[in-house]
There are 2 protein chains.
Amino acid sequence: MGLSERQQRIYEFITKFMGEKGRPPTIREIGAKVGITSTSVVNYNLNILVREGLIQREKEVSRGLRVIGANAKSMVGGASFVQIPLLGKIAAGHPIPVPDAGLAPLDGEVLSLTRDLIPDQEGLFALEVKGNSMIDALINDGDIVVMKKQETAQNGDMVAVWLKDEKETTLKRLYRERSRIRLQPMNPTMKPFYADPRNVEVQGKVVLVIRQLQKLPA
Amino acid sequence: MGLSERQQRIYEFITKFMGEKGRPPTIREIGAKVGITSTSVVNYNLNILVREGLIQREKEVSRGLRVIGANAKSMVGGASFVQIPLLGKIAAGHPIPVPDAGLAPLDGEVLSLTRDLIPDQEGLFALEVKGNSMIDALINDGDIVVMKKQETAQNGDMVAVWLKDEKETTLKRLYRERSRIRLQPMNPTMKPFYADPRNVEVQGKVVLVIRQLQKLPA
DNA sequence: TTATACCACGAACGCTTGTTCTGTGTCAAG
DNA sequence: CTTGACACAGAACAAGCGTTCGTGGTATAA
């Protein structure tokens, strides 16, 4: 990568500014930080970063920069995020809350996650785990599970199923066998559970699990 | 909350726009979307949202909006994010890679996470888990662990320790007892491991665990 | 010595974007 | 009927911001 030191500093400033301020910097803000007094020089260097595939620009739009850095974990662009409603809790003894149509961000808590973690898609919602019943899914009390609303599952999907007879929610990988359903714990040292298909109600598919071990400021 | 329908639509548009474009909308972009032809009316409604504590504004700054919505999981503001270097892998048979001073985002892969998940702080880095050896920490092969670089631990901290005699990395809660160290698995059904303090090298503290069950676009 | 590429810079301009001013309409309360 | 609050609207202006132009310096290769 043939970047000058100045270009590297510009790139680092952009990503840091974005993270702190929630908006991209202007050409003049970049210049002020890296000691370039001419907007033309900043413009020239930004065009180099575009050529190198590190940023994108939109013409004649204020703050029309966007980081797409080749070293980002994905190419989706870390500055974007999705908002996922946090609907409540998931616990063994209850069916999970599933979202109604057309939830707006004002109707309750929302979790913002970068698109590095999860792309935007329909039907996402989040639940907080209550109790130790998901341990066999390697999921702990207090973890957050992000799910996609769907009532069918492909073999191998990690799903939340409601077992009607047992009156219990469980998170396991689901496989259809000849006349029964195998619910396979994520923990490879544990044995599967077999259920009659009529007893199994798929409520959503798990797409992301998050465990925070640090208390956030209230 | 006394918002009109129009104000709610403005607020939803701002958060959605931010998530998609990676920058806040302008007053004219908001007006175009919610059908307000006058910048003065958009301005008036934005001031209501400020009064209600849903957004912040900076004067005479382009795109100087910021969502701080009372329904966000935290008040930090979901539009901001931190960038954490993804240094490599963590596996049982090797000490973990720890960051050198002053890593720049250009020097390798970076994970962007919203500050809803983790506040910005010094010494953060991420590792990808290799193998099933962290199962007792309820951590699976392929999970991402975000750690904070520190060589000391308080009782109860979830830490990565290198056991010198065993030549093994493990993730457990650490407690100092009279003459030994107790390493307690996160899985409450498992027994602790006791170690001589001289055998234990704390390499970092786990602050966040992420499990992606969905493949991201390459 | 000349040509080319890269890097740098100030200035000016055009457009984008936010703020302010003046005016109008509706509704509820007194 | 009057007053005040709220919501709306167009226009103008001020400030912010990106683009372009003309110019200059350095290094390298021919």
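Of all nucleotides in DNA chain D, those with any atom nearer than 4.0 Å to a heavy atom of chain A start and finish, going 5' to 3', at D/dC17 to D/dC21. The span of DNA chain C lying next to chain A, judged by atoms under 4.0 Å from heavy atoms, is bounded 5' to 3' by C/dC6 to C/dT17.
Taking the salt bridge (charged side-chain N to carboxylate O under 4.0 Å, His left out) definition, one finds that B/Lys205 meets it with B/Asp157, sequence neighbours left out. Under the rule for a salt bridge (charged side-chain N to carboxylate O under 4.0 Å, His left out), A/Glu151 has no partner lying at least two apart in sequence or in another chain. Partners of B/Tyr175 by ring-ring contact (aromatic ring centres under 6.0 Å, His included), not counting sequence neighbours: none found. Contacts of A/Thr170 classified as side-chain hydrogen bond (donor to acceptor under 3.5 Å, both in side chains), with partners at least two apart in sequence or in another chain: A/Lys172. With sequence neighbours left out, the salt bridge (charged side-chain N to carboxylate O under 4.0 Å, His left out) criterion links B/Arg198 to B/Asp196. A/Glu166 meets the salt bridge (charged side-chain N to carboxylate O under 4.0 Å, His left out) test with no other residue; sequence neighbours excluded.
With A/Arg211 contributing its side chain and B/Leu138 its backbone, the two residues share a donor-acceptor pair below 3.5 Å.
Nearest-nucleotide positions on DNA chain C for A/Arg6 and A/Ser62 put A/Arg6 closer to the 5' end.
Residue pairs meeting the ring-ring contact (aromatic ring centres under 6.0 Å, His included) criterion with at least one partner in residues 137-162 of chain B, sequence neighbours excluded, do not occur; the list is empty.
Residues from residues 24-40 of chain B placing a heavy atom under 4.0 Å of any atom in DNA chain C, listed by number, are B/Thr26, B/Ile27, B/Arg28, B/Thr39, B/Ser40.
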Let me see the working for A/Val82 and A/Ile84 under side-chain contact (heavy atoms from CB on, under 4.5 Å), right down to the final yes or no.
-> CA-CA 6 Å; A/Val82 298; A/Ile84 299 171; 4.0 Å; yes
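With the end axes of the helix from C/dT1-D/dA30 to C/dG30-D/dC1 each set by five pairs, the angle from one to the other reads 0° at 10° resolution.
Under the side chain to side chain contact (heavy atoms under 4.5 Å, CB included) test applied with B/Tyr44, the options B/Ile48, B/Val42, B/Asn47 reduce to a single match, B/Ile48.
Once rounded to the nearest 0.5 Å, the distance linking CG of A/Leu171 with CE of A/Met134 reads 4.5 Å.
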Identify every side-chain donor-acceptor pair in residues 124-132 of chain A under 3.5 Å, counting partners at least two apart or on other chains, and give the distances.
none

